[in-house]
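None of these values were measured; they are calculated from a predicted model. Throughout, a chain's letter reflects where its sequence line sits, starting with A, and its residues are numbered from 1.
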Number of protein chains: 2
Amino acid sequence: MKPKTKIIIVDDHAIILEGLKSLIELDDSLTVAGEASSSMECLKLLPAILPKLVLLDLKMPGIDGIEATRLIKQRYPNIKVILLTNYDDEEYVIESIKAGADGYVLKDVKKGDLLKIIHTVLKGRAFIDPAVTKKIFYNLKNSSNLVSEHKGRHSLTERELEILSNLAEGKSNKEIAQTIHLSLETVKSHLKNIYQKFNVHNRAQAIKIALQEEIVHFSR
Amino acid sequence: MKPKTKIIIVDDHAIILEGLKSLIELDDSLTVAGEASSSMECLKLLPAILPKLVLLDLKMPGIDGIEATRLIKQRYPNIKVILLTNYDDEEYVIESIKAGADGYVLKDVKKGDLLKIIHTVLKGRAFIDPAVTKKIFYNLKNSSNLVSEHKGRHSLTERELEILSNLAEGKSNKEIAQTIHLSLETVKSHLKNIYQKFNVHNRAQAIKIALQEEIVHFSR
DNA sequence: GGCATTATCCCCCCTCTGGGGGATTTATAA
DNA sequence: TTATAAATCCCCCAGAGGGGGGATAATGCC
């Protein structure tokens, strides 16, 4: 009897974890060798289990699936990664592929299909949910290389981060200038740059993005 | 040996259906007597199975969970209904309760907790996820005078809440006015009142408070 | 009937903000 | 050496935003 192919599954929802497990165990050639409810947990399991494939939820608190994919592929390029998601947003798909994911599957996948997809990926071929490929092709046609540049990791400088966190406190430009001992104009300059990097046009939107992407945090 | 308590589970995602089933079957006193991937399917199963409880996904194509709850309770008032959802939106909670749901549970519920909740509901007690009760209490303050007034405790009106959530989206006054079909001046008026109730002086601070006190939420 | 609340809209005033130009210094990478 | 990027500061200007007054109609409460 052949040894079963080891898979690690990662999702912050226990229900989905259960579902994936019982789905995968339907296939005699596969086994769930590990379960994790966060990317961090998953990364810790890797060296001990050394699975052939990791099934990752895309959206999770803390390190998300895309970032986790990047980290996994950095250390274990041979481990296959499939991202599971609710979002057919082309932004995520492209980021996922860049991060090195071998599969991108919507959560409304049918029972048997997921197993087929797993085997496809294990054979070394990539799989992207047909439901999302349409959108990608459409967008690639319309905006040649804009997409890759557009949302490609807005990396803020130290100063910009400092100003951003002050911004999220609800401070005015003048107050920010005073607290970090800068000229008003300097603060404005930095803000202009931040807005450009975020592709927004006012402080409220910037705050929203900063909090959503966990670039800055509340003091709770 | 006692007969097991029959449960029907309904979700349009096969993975979640699997997860719920294997979760529920962990409990010896319960059994999944039926599975449906839509409300319509579920309604057809009811007369044949006559379960004690139905676990319904809130968001489904076609008839959603709330509407399905209403239909189920109309014909079978004794069947318990628990709604499963990703959304801690108070709108849905209140609608669900009005529709007659006995439970309202977020999908990130822990393994064992779901079983406890099922038993709680089977005993005739209602269960609402603690994560959402905060918002409900907040809004009940507006309708009933039991807890209200006293000190500067800001209780916002419906309109103000609506504007606040738009504010937190990063919209400008003009955009808010357009989306909810109001005059710019009206929006400004409401904002003035919100600022007073929050005791702040600009939108950024208002957003911060709204998010911190969980009056409005991100879409995560 | 009065009273309070809410929701709607209007005016004025002035500050703040966002976006468009810059410039200079310093450090770092090519 | 020469770019390149980051951080600092400056000017200008239109328009958005905040704070102060209102007004009117609808509702519900005592």
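With sequence neighbours left out, B:Ala177 forms a side chain to side chain contact (heavy atoms under 4.5 Å, CB included) with B:Val187. B:Lys116 pairs by the salt bridge (charged side-chain N to carboxylate O under 4.0 Å, His left out) definition with B:Asp113, not counting sequence neighbours. Contacts of B:Ser38 classified as side chain to side chain contact (heavy atoms under 4.5 Å, CB included), with partners at least two apart in sequence or in another chain: B:Met40, B:Glu41. Applying the side chain to side chain contact (heavy atoms under 4.5 Å, CB included) criterion to B:Ile7, with sequence neighbours excluded, gives B:Ile9, B:Ile24, B:Leu30, B:Leu53, B:Ile118. In this structure B:Glu67 satisfies the salt bridge (charged side-chain N to carboxylate O under 4.0 Å, His left out) test together with B:Arg70, sequence neighbours excluded. Contacts of A:Lys188 classified as salt bridge (charged side-chain N to carboxylate O under 4.0 Å, His left out), with partners at least two apart in sequence or in another chain: none. Not counting sequence neighbours, B:Lys171 has no partner by the salt bridge (charged side-chain N to carboxylate O under 4.0 Å, His left out) test. Not counting sequence neighbours, the partners of B:Asn173 by the side-chain hydrogen bond (donor to acceptor under 3.5 Å, both in side chains) test are B:Arg203. Partners of B:Ile49 under the side chain to side chain contact (heavy atoms under 4.5 Å, CB included) rule, at least two apart in sequence or in another chain, are B:Lys6, B:Ile8, B:Ala33, B:Leu45, B:Pro51.
As a whole-Å value, the separation of A:Asn173 CG from C:dT15 C1' is 12 Å. At whole-Å resolution of the value, OH in A:Tyr195 and C1' in D:dA16 are 12 Å apart. The distance between atom CG of B:Leu191 and atom P of D:dA16, rounded to the nearest whole Å, is 15 Å. Atom CG in A:Asn202 sits roughly 11 Å away from atom P in D:dG18 (whole-Å rounding). Atom P of nucleotide C:dT17 and atom CG of A:Asn166 are separated by 13 Å, given to the nearest angstrom. When rounded to the nearest whole Å, the span between NE2 of B:His201 and P of D:dG19 equals 6 Å. The interatomic distance linking B:Ile176 (CD1) with C:dC9 (C1') rounds to 17 Å, in whole Å. Computed from coordinates, the A:Arg203 CZ to C:dC16 P distance equals 11 Å when rounded to whole Å.
Relative to the axis of its first five pairs, the axis of the last five pairs of the helix from C:dG1-D:dC30 to C:dA30-D:dT1 sits at 50°, rounded to 10 degrees.
Proximity note for B:Lys174 (side chain, C-beta onward) versus D:dG18, C:dC16, D:dA16: the nearest is D:dA16.
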Can you name the atoms? Protein N/O to nucleotides 7-11 of chain D N/O, anything below 3.5 Å, with the distance.
unit_1, atom_1, unit_2, atom_2, d
D:dA7, OP2, A:Thr157, OG1, 2.5
D:dT8, OP1, A:Arg159, NE, 3.0
D:dT8, OP1, A:Arg159, NH2, 2.6
D:dT8, OP2, A:Arg159, NE, 2.7
D:dT8, OP2, A:His190, NE2, 3.1
D:dC9, OP2, A:Ser183, N, 2.8
D:dC9, OP2, A:Thr186, OG1, 2.8
D:dC9, O5', A:Thr186, OG1, 3.3
D:dC9, N4, A:Ser189, OG, 2.5
D:dC10, OP2, A:Ser183, OG, 3.3
D:dC11, N4, A:Glu185, OE1, 3.4

Would you tabulate the pairs of protein nitrogen or oxygen atoms and nucleotide nitrogen or oxygen atoms of nucleotides 24-28 of chain C closer than 3.5 angstrom?
none

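Looking only at side-chain heavy atoms (C-beta outward), A:Asp11 and A:Leu56 stay at 4.5 Å or farther from each other. Residues A:Leu182 and A:Arg159 have side chains in contact (heavy-atom distance under 4.5 Å, counting atoms from C-beta outward).
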